[in-house]
Amino acid sequence: MLTERQRNELGDEISFGLAIALIDRGRAAEAEHLLSLLIRSGGTEWAGYAERLSNSILMENGKGLAESRTPQRFEELDRLDPEAMKSRAIGALSAKGQGGFSELIELFLNFPAGTIHKDVLNSFFAAGYFLNDLKPFEQDLVSAKLSLLEKEYSIAESFYKAALLYDYGGSTGILEDLVNIYRRTGRLRTGARFLVSAAHNPALKVGKWEVLLGAGRLYRWAGKYEDAGLVLAEALAITPGKAFERVLWYLQDCLLKASPEKGGEILSTYAPLWQDADYYSDSVEFLTSYIVRTGRWQILNDILPTVLEYGAPSVKAKILYISARLGEEGIYDVSVPTGIESRLAENGREGEPPWNDFLFEVIETAPNSYYAWLARVRLGIPCFDQESVSLSSQPGDVLFSSAVVEAGDPILSLLTGLQYYTLAFQWLEESYSGFPGDDRDAFLKLARNIQSRELWLDSIRLISRLPRSMDPSERSLEELFLYYPRPHREIIENAAEKYSLPPALIFGLVREESGFTPAIESWAGAVGLMQLMPSTAEDVAGRMKLEHWELQDPVSNVEMGSWYLDWLRGYVGELMPSILAYNGGPGRIRRYLKELDYLPADIFSEGLPMSETRNYGPKVLVSALYYGYLYYGISPEETIAEFFPEL
């Protein structure tokens with residue numbers, strides 16, 4: 001059933017969906033008329049989406065969007081959306097409307113320098129304007145952005161420093177650009193000192209808390225955590241509204257890194273101020289890693305009550321599982337009062353050691369987390385209530401692959417159009433938390449349609465927005481198959497057999513690394529399905545004696561990645577450490593294996609200082625667990641035993 005809000009919005013949604021259908025059929029003029037009505041209605045955020053799409057139609061036909069077409073009520077949305085503001089500015093400029101100047105300047109004020117500014121300036125010049133058509137301060141602003149984009153930092157810096165004391169009517173882009181200048185030139189402490197001085201200048205026109213936050217961030221990047229903490233504490237006292245949480249995160253992060261031994265005191269002071277516990281999970285995880293790596297168990301005693309009261313479920317589960325396993329190994333005393341109610345009696349297990357209470361609490365707190373899977377294995381509780389079944393007839397490979405958009409389905413037409421115009425995820429984040437009833441079915445149809453176009457990563461992201469947990473008893477098999485698809489099956493299974501690796505493991509690794517996108521490239525330069533760095537690939541190709549290979553080719557990439565994973569297994573000795581080494585580097589993992597050899601295998605990764613690698617192993621294990629269960633008839637217990645033979 002639709003909620004009242006969704007029912008009220010349905011007319012606008014269908015209008016937008018119909019406009020998409022008209023565009024797809026080459027009837028742009030009719031679509032533009034429909035969108036113009038939707039814009040003028042100003043009923044919901046759909047008017048904002050309609051405005052952006054209408055701009056695109058008009059621009060493609062050599063027209064512009066007059067400023068009067070933009071309802072005032074969408075100004076706040078546009079300030080958060082550079083693409084929408086860019087579209088408005090270009091539309092107004094192409095129509096030679098003087099309002100385009102104000103749109104252009106607003107865009108330049110509110111967003112840090114980037115390619116979006118070049119796009120708008122190109123349209124500005126193409127419309128027959130010149131910089132001298134702007135007011136002097138506007139010319140300076142545009143010139144400073146261009147200088148920064150051309151990496152002429154000294155020229156841009158002088159303007160931005162002065163801009164902090166001049167009322168331009170905007171601040172975010174100016175301040176962020178200045179922070180970026182100091183970061184890119186390596187003058188972190190110099191920049192921080194200047195911003196602290198500017199924050200206390202009576203002539204300052206930018207928000208004082210914003211400038212202090214900028215200074216704190218620069219000190220943090222410089223590793224001057226104590227200096228950052230002092231500045232950020234001053235900022236926190238004057239930070240308004242929603243920005244408070246952001247400043248609090250930076251302050252807590254810097255204090256923990258400056259004095260992790262005071263973690264209990266720091267968390268007990270600031271945790272009661274948290275508005276969103278998930279937002280602070282990485283800070284708690286950093287502290288947990290420090291505790292495990294250094295053996296400072298007293299800090300664990302200090303933070304445990306605070307984390308259990310205020311922490312996010314995922315962090316509670318982590319802390320409880322680590323405590324239980326260390327207690328079981330005799331490394332940590334789990335008799336410390338925590339307020340945990342004993343669950344041993346209600347489970348008919350009186351007389352068992354206290355750490356088992358912690359394990360039951362893990363399952364109760366985050367029942368489908370990585371730590372809950374491990375806790376069930378430790379307690380001898382079946383991971384799934386239902387029997388593990390073999391689904392090797394691969395319904396997930398073929399049953400849903402022929403899905404097409406059905407005629408007459410307005411919600412599906414809407415969603416497909418949103419996906420085509422890259423708005424689907426923004427809409428989901430801003431408007432819907434989930435799809436109840438029939439809407440959920442339409443949502444799954446969209447995911448199937450996306451998968452039929454082999455957009456595997458988009459489909460996975462889409463399914464991840466569905467609210468239920470990933471327990472098979474709570475999700476349909478169709479949802480699980482969509483969430484854990486099996487493209488490139490023959491390539492992956494052949495490589496798995498060749499190098500004696502579980503195929504579910506390679507599927508899980510590829511899913512987490514690339515979302516099955518062959519041409520994907522990470523910010524660090526890793527390429528392809530198994531995200532190999534070119535330097536690693538060169539080394540592997542030489543060892544394999546490969547003459548011809550291409551990292552964006554699925555066959556080459558999976559072959560080389562599987563060979564490398566098999567080599568890592570021999571180098572570090574076990575499957576989970578080899579997965580960690582795949583992400584964090586074999587040398588570092590081997591070194592930490594020696595330093596932390598007193599820890600049980602399932603706790604070893606918790607002591608790694610590299611946050612990405614700490615989280616990488618558990619993510620791959622959970623994916624491999626589902627691939628084994630769905631496609632190969634392997635129980636979760638069997639998969640966990642492959643990763644942790646001694647568990």
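Ser522 places a side-chain N or O within 3.5 Å of a backbone atom of Ala524 that can act as its donor or acceptor partner. The backbone N or O of Leu593 sits nowhere less than 3.5 Å from a side-chain atom of Asp597 that would complete a donor-acceptor pair. Listed for the Ser556 side chain is no donor-acceptor partner under 3.5 Å among the backbone atoms of Trp549. At distances below 3.5 Å, at least one donor-acceptor pair connects side-chain atoms of Thr294 with backbone N or O atoms of Tyr290. In this structure, Asp253 contributes its side chain and Ser283 its backbone to no donor-acceptor pair below 3.5 Å. Looking only at distances, no side-chain donor or acceptor of Thr517 sits under 3.5 Å from a matching main-chain atom of Ala519. Using a distance-only test at 3.5 Å, with no hydrogens or angles considered, a donor-acceptor pair links the side chain of Ser281 to the main chain of Asp278.
Here Tyr321 and Phe358 keep their ring centres 6.0 angstrom or further from each other. Separation of the Trp567 and Tyr571 ring centroids falls under the 6.0 Å cut-off.
No hydrogens or angles considered: a donor-acceptor pair under 3.5 Å links the side chains of Glu512 and Ser623. Tyr371 and Lys318 form a side-chain donor-acceptor contact under 3.5 Å, judged by distance and modelled atom types alone. At a cut-off of 3.5 Å, with distance as the only test, a side-chain donor of Glu612 or Asn583 sits close to an acceptor on the other residue. Trp274 and Gln252 share a donor-acceptor pair across their side chains, judged by distance under 3.5 Å alone. Checking Ser459 against Gln451 by side-chain atom types alone, a donor-acceptor pair falls below 3.5 Å. Donor-acceptor pairing under 3.5 Å is lacking for the side chains of Thr639 and Glu642.
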Take Tyr582 and Tyr564 through the test ring-ring contact (aromatic ring centres under 6.0 Å, His included) and record every step on the way to the result. CA-CA 8 Å; Tyr582 191 91; Tyr564 182 53; 5.7 Å; yes
May I have the step-by-step check of ring-ring contact (aromatic ring centres under 6.0 Å, His included) for Phe481 and Tyr631, ending in yes or no? CA-CA 9 Å; Phe481 282 124; Tyr631 297 104; 5.3 Å; yes
Just do the side chain to side chain contact (heavy atoms under 4.5 Å, CB included) check on Ser289 and Arg614 with the steps written out, would you? CA-CA 9 Å; Ser289 171; Arg614 266 200 318 272; 3.3 Å; yes
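At a threshold of 4.5 Å between non-hydrogen side-chain atoms, the residues Arg511 and Tyr483 count as touching. Residues Leu647 and Arg325 have side chains in contact (heavy-atom distance under 4.5 Å, counting atoms from C-beta outward). Contact of the Asp602 side chain with the Ile640 side chain is not registered, since no non-hydrogen atoms from C-beta on lie closer than 4.5 Å.
Between Phe507 and Phe516, the ring planes lie tilted relative to each other; the angle falls in the 30° to 60° range. Between Tyr484 and Tyr626, the angle of the ring planes stays under 30°, which puts this pair in the parallel group of the 30/60° scheme.
Annotation: Glu497, atom CD; neighbour count of heavy atoms from other residues, nucleotides and ligands within 6.0 Å does not exceed 12. In the displayed structure, Glu574 atom CD is contacted under 6.0 Å by at most 12 heavy atoms of other residues, nucleotides or ligands.
Distance check, rounded to the nearest 0.5 Å: CD1 of Ile319 to OG1 of Thr306 gives 10.5 Å.
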